[in-house]
Protein chains: 2
Amino acid sequence: MARRITLADVALKAGASKATVSLVLNNRESRISPETSERIRVAAQELGYTPNPAAQTLRTGKTQTLAFISDEVLTTRFASAMIHGILEVAESHDQMILMAETEHSPQRWQKSLASMKNRQVDGFILGLMRARNLQKVDIPLNQPAVVVNGKAQGIASILPDEHRAGQQAVEYLVAHGHKKIALIGRPPAGSSEHATMNIPRRMAGIDDAMRTAGLGFSAEYQEVLWEGEAGYLGALAVLEQAPDISAVIAANDRIAFGVYRAFQERGISVPEDISVISFDDEELASYMHPGLTTLRLPYAQMGQAATQILMQEDPANLISGVRSEGNEVLIPMPLIERDSVKTL
Amino acid sequence: MARRITLADVALKAGASKATVSLVLNNRESRISPETSERIRVAAQELGYTPNPAAQTLRTGKTQTLAFISDEVLTTRFASAMIHGILEVAESHDQMILMAETEHSPQRWQKSLASMKNRQVDGFILGLMRARNLQKVDIPLNQPAVVVNGKAQGIASILPDEHRAGQQAVEYLVAHGHKKIALIGRPPAGSSEHATMNIPRRMAGIDDAMRTAGLGFSAEYQEVLWEGEAGYLGALAVLEQAPDISAVIAANDRIAFGVYRAFQERGISVPEDISVISFDDEELASYMHPGLTTLRLPYAQMGQAATQILMQEDPANLISGVRSEGNEVLIPMPLIERDSVKTL
DNA sequence: CTGAAAGCGCTTACAG
DNA sequence: CTGAAAGCGCTTACAG
């Protein structure tokens with residue numbers, strides 16, 4: 001392999017010192033004559049010079065590299081959309097991303113943090129699969145960091161705007177003329193240990209909007225475990241409680257999936273007989289017939305925002321509707337309109 | 001932030017030279033007295049010394065870092081499962097992963113390759129969303145590299161064992177007593193431009209096994225575009241051609257999904273009336289009712305194997321049933337047995 | 001306006 | 001068995 005071109009080569013070719021070349025190539029040429037600058041640029045160009053990052057890091061302590069540590073990367077949509085958003089913004093700032101996964105092991109979490117720190121990354125993006133509150137022990141860094149889908153003392157936190165999304169679901173139903181509404185999936189009181197911190201917010205948004213609209217739920221089915229089975233049982237239950245409902249709010253897409261199945265068995269058609277709206281926009285939602293109208297968890301945007309924050313850029317540049325509360329940056333959950341809600 | 005501990009600190013504390021400390025800590029202590037070694041290890045331990053990777057890289061040209069460049073990372077399961085596999089093996093070799101995504105842009109592909117090379121990564125993992133043959137121009141590196149889900153002159157290639165999977169699908173059906181079988185999704189002759197290089201292999205495996213079993217297809221529906229719609233139309237078509245089929249081979253899960261829908265409309269139940277077997281094991285497959293029996297694309301294992309090859313480790317250590325042909329490493333596609341095939 | 005020199009923290013011949 | 005020294009390729013005071 002051909003020897004790597006170094007600063008010294010450029011200096012030699014341009015007839016200048018390494019110091020001058022370095023200054024010019026780093027755009028600190030305030031006090032360098034235009035002629036010299038130009039000669040240096042041409043020489044660097046002709047030789048195809050690129051600085052050796054290891055040498056730069058050794059000297060400056062900067063790596064142009066960000067760490068993305070996530071507790072789970074295998075899962076659908078979560079990490080992969082987030083990575084996509086991160087990569088996009090990182091590239092625009094000439095940063096590369098070093099990845100690690102901890103599979104929910106505190107030891108691996110600590111180990112990843114330590115080795116990334118040892119590699120002198122310029123910042124940390126901490127991605128959580130299920131939103132929770134990180135303790136101080138989780139981030140033993142005096143280093144720029146941001147948590148995605150979680151919170152932590154003193155560092156920026158990127159979260160989906162669940163409260164707003166909850167409101168929007170209700171407002172959307174109301175705007176389409178629905179008044180008799182059932183809710184499937186509210187966690188029973190006291191089940192909060194199982195829940196991520198996003199769930200109460202989603203519920204509070206729903207409740208607030210119902211109150212604002214002057215409505216109460218015609219029926220409810222409570223459940224912490226948000227899987228298809230809960231939706232199936234929930235649908236049967238609310239049908240029993242209030243056969244005249246015109247719409248169902250499912251706490252998430254998996255529940256909605258179960259609701260569809262129950263309705264289908266009962267010969268109830270969506271949305272002709274009963275409308276359904278939901279949250280998350282998992283891949284699943286796009287396969288359902290009719291297509292499920294749902295509020296998307298904006299993973300890609302959350303990744304973008306996290307990276308922007310680390311780069312001191314304003315997330316509002318890329319994402320409209322972002323709002324901040326304290327050290328929380330709340331990313332809007334877009335309403336994905338498909339065919340599961342009918343206008344009354 | 002406290003100053004970083006360096007080799008010199010350890011040397012000072014242990015009363016040895018930096019050279020000796022370096023030797024000991026890199027396990028090249030053949031000619032160092034045990035006492036000195038021990039003193040040095042203790043000192044390093046007590047000070048919490050870790051070498052500065054930038055300095056090591058500058059000196060040795062090694063980074064303990066691998067590049068994962070993929071043309072698409074956003075897509076379900078593909079990249080994220082692959083990343084998972086890569087990370088797992090990388091961690092066991094104390095390597096970190098630098099990620100980039102090119103979104104199918106040749107410019108970004110080249111740029112990523114160049115900047116990774118500039119950062120002196122120790123090896124390249126090139127991940128392709130749709131299997132194809134890379135040209136020389138795509139990998140202008142004289143550097144360790146491996147392609148996942150693709151081929152390239154002179155470098156190792158990790159591919160799913162599609163031929164074997166095709167055979168297995170047929171053998172499974174035959175073993176369950178099926179003889180009247182329809183195939184949905186064979187690409188029409190001359191449509192090869194649309195296809196990835198895996199498709200002909202899948203088909204060849206199917207055909208070989210049918211021949212071996214002394215069977216021919218009772219009905220076929222050809223299509224390049226493997227989406228739900230093709231499955232729906234295909235199911236209706238094969239039903240027309242041969243109403244007495246007992247099983248359908250769908251070219252992939254999306255086709256199977258459409259087949260289910262058509263059958264449901266016709267009141268045909270899976271698997272009681274007709275069995276269905278498929279390929280890929282997309283997330284979708286796990287949601288279908290009844291659960292779809294399918295041959296999984298082993299993305300995680302492909303990521304593992306790629307990393308192992310780069311690390312000069314034998315993939316057979318982790319993955320059973322791997323076979324090699326030339327510079328191809330073929331990873332078995334496991335049969336995921338669910339409930340869509342009935343024993344006759 | 002520009003250059004010589006020090007130093008970031010390692011590893012590796014080389015000398016003894 | 002061990003140490004002194006050079007050098008990897010940069011950047012940054014400092015001197016002129």
Side-chain angles (χ1 to χ4, degrees), chain A residues 1-41 43-44 47-65 94 115 117-122, chain B residues 1-41 43-44 47-65 94 115 117-122:
Chain A
M1 192 165 59
R3 192 179 60 79
R4 184 175 185 124
I5 305 294
T6 71
L7 246 202
D9 299 319
V10 179
L12 191 68
K13 173 152 183 160
S17 73
K18 292 192 294 169
T20 306
V21 175
S22 173
L23 257 14
V24 171
L25 265 21
N26 288 307
N27 300 312
R28 305 219 188 139
E29 43 192 318
S30 38
R31 303 167 315 183
I32 310 288
S33 76
E35 299 77 45
T36 310
S37 274
E38 185 53 19
R39 242 185 314 129
I40 288 171
R41 284 183 197 290
L47 293 171
Y49 169 71
T50 46
N52 181 325
Q56 293 186 120
T57 296
L58 183 56
R59 198 48 238 253
T60 64
K62 300 291 171 221
T63 50
Q64 304 277 92
T65 305
D94 280 314
S115 45
K117 188 173 177 179
N118 188 46
R119 287 186 177 228
Q120 304 177 74
V121 296
D122 297 340
Chain B
M1 193 165 60
R3 192 179 61 79
R4 187 177 182 121
I5 304 294
T6 71
L7 245 202
D9 298 320
V10 179
L12 191 68
K13 172 150 186 161
S17 72
K18 293 192 294 168
T20 306
V21 174
S22 173
L23 256 14
V24 171
L25 264 21
N26 289 305
N27 300 313
R28 304 217 190 144
E29 41 192 321
S30 35
R31 302 168 315 185
I32 310 288
S33 76
E35 298 76 42
T36 310
S37 274
E38 186 53 20
R39 242 185 315 127
I40 288 172
R41 286 183 196 290
L47 293 171
Y49 170 70
T50 47
N52 181 325
Q56 294 186 120
T57 296
L58 183 57
R59 197 51 237 251
T60 64
K62 300 291 172 221
T63 50
Q64 303 277 92
T65 304
D94 279 313
S115 44
K117 186 173 177 179
N118 188 46
R119 289 188 175 226
Q120 304 179 73
V121 295
D122 297 340

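Order of the sequence lines sets the chain letters (A, B, ...), proteins ahead of strands, with each chain counted from 1. Keep in mind that this is a model prediction, so the values were computed, not measured.
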N/O to N/O distances under 3.5 Å, protein versus nucleotides 3-5 of chain C:
from: C/dG3; atom 1: OP2; to: A/S17; atom 2: N; distance (Å): 3.1
from: C/dG3; atom 1: OP2; to: A/S17; atom 2: OG; distance (Å): 3.3
from: C/dG3; atom 1: OP2; to: A/T20; atom 2: OG1; distance (Å): 3.0

In whole angstroms, how far is the [atom2] atom of [N] from the [atom1] atom of [X]?
X      : N      : atom1 : atom2 : result
B/E38  : D/dC1  : CD    : C1'   : 17 Å
A/L7   : D/dG7  : CG    : P     : 18 Å
B/I5   : C/dG9  : CD1   : P     : 11 Å
A/R119 : C/dC10 : CZ    : P     : 15 Å
B/Q64  : C/dC10 : CD    : P     : 15 Å
A/L25  : D/dG9  : CG    : P     : 16 Å
A/L12  : D/dC10 : CG    : P     : 14 Å
A/Y49  : D/dT11 : OH    : C1'   : 10 Å

For A/D9, check salt bridge (Lys or Arg N to Asp or Glu O under 4.0 Å) against everything at least two apart and list the hits. A/R3
For residues 47-58 of chain A, which residue pairs qualify under side-chain hydrogen bond (donor to acceptor under 3.5 Å, both in side chains), counting only residues two or more places apart or in two chains? A/T50-B/N118, A/N52-B/Q120
For residues 10-20 of chain A, which residue pairs qualify under side-chain hydrogen bond (donor to acceptor under 3.5 Å, both in side chains), counting only residues two or more places apart or in two chains? A/K13-A/E46, A/S17-A/T20
Pair pattern of DNA chain C in dot-bracket, where unpaired bases get dots and | marks partners in another strand, Watson-Crick or G-U under 3.5 angstrom: |||.||||||||.|||
Would you give the length of the straight line joining atom CD1 of A/I5 to atom CG of A/L7, rounded to the nearest 0.5 angstrom? 11.5 Å
Looking at A/S33, I'd like to know whether one of its side-chain N or O atoms comes within less than 4.0 Å of OP1 or OP2 on C/dT2. yes
N/O (side chain, B/S22) to phosphate O (OP1/OP2, C/dT11) under 4.0 Å: yes
Residues at least two apart in sequence or cross-chain that pass side-chain contact (heavy atoms from CB on, under 4.5 Å) with B/S33, listed by chain then number, are B/E35, B/T36
Taking only residues two or more places apart in sequence or in another chain, which ones pass side-chain contact (heavy atoms from CB on, under 4.5 Å) with B/R119? A/P53, A/Q64, A/T65, A/M96, B/L98
Could you go over nucleotides 14-16 of chain C and give all protein N or O partners under 3.5 Å, atom names and distances?
none

I need the residues from residues 52-60 of chain B with at least one non-hydrogen atom less than 4.0 Å from DNA chain D; give them sorted by number, or say none. B/L58, B/R59
Looking only at non-hydrogen atoms, find the nearest pair between B/A54 and A/L58 and report the distance. CB-N, 3.9 Å
Nearest non-hydrogen partners of A/V121 and A/T63, listed with the distance: CA-OG1, 3.4 Å
Of B/R39 and A/N26, the one whose closest DNA chain D nucleotide lies more 5': B/R39
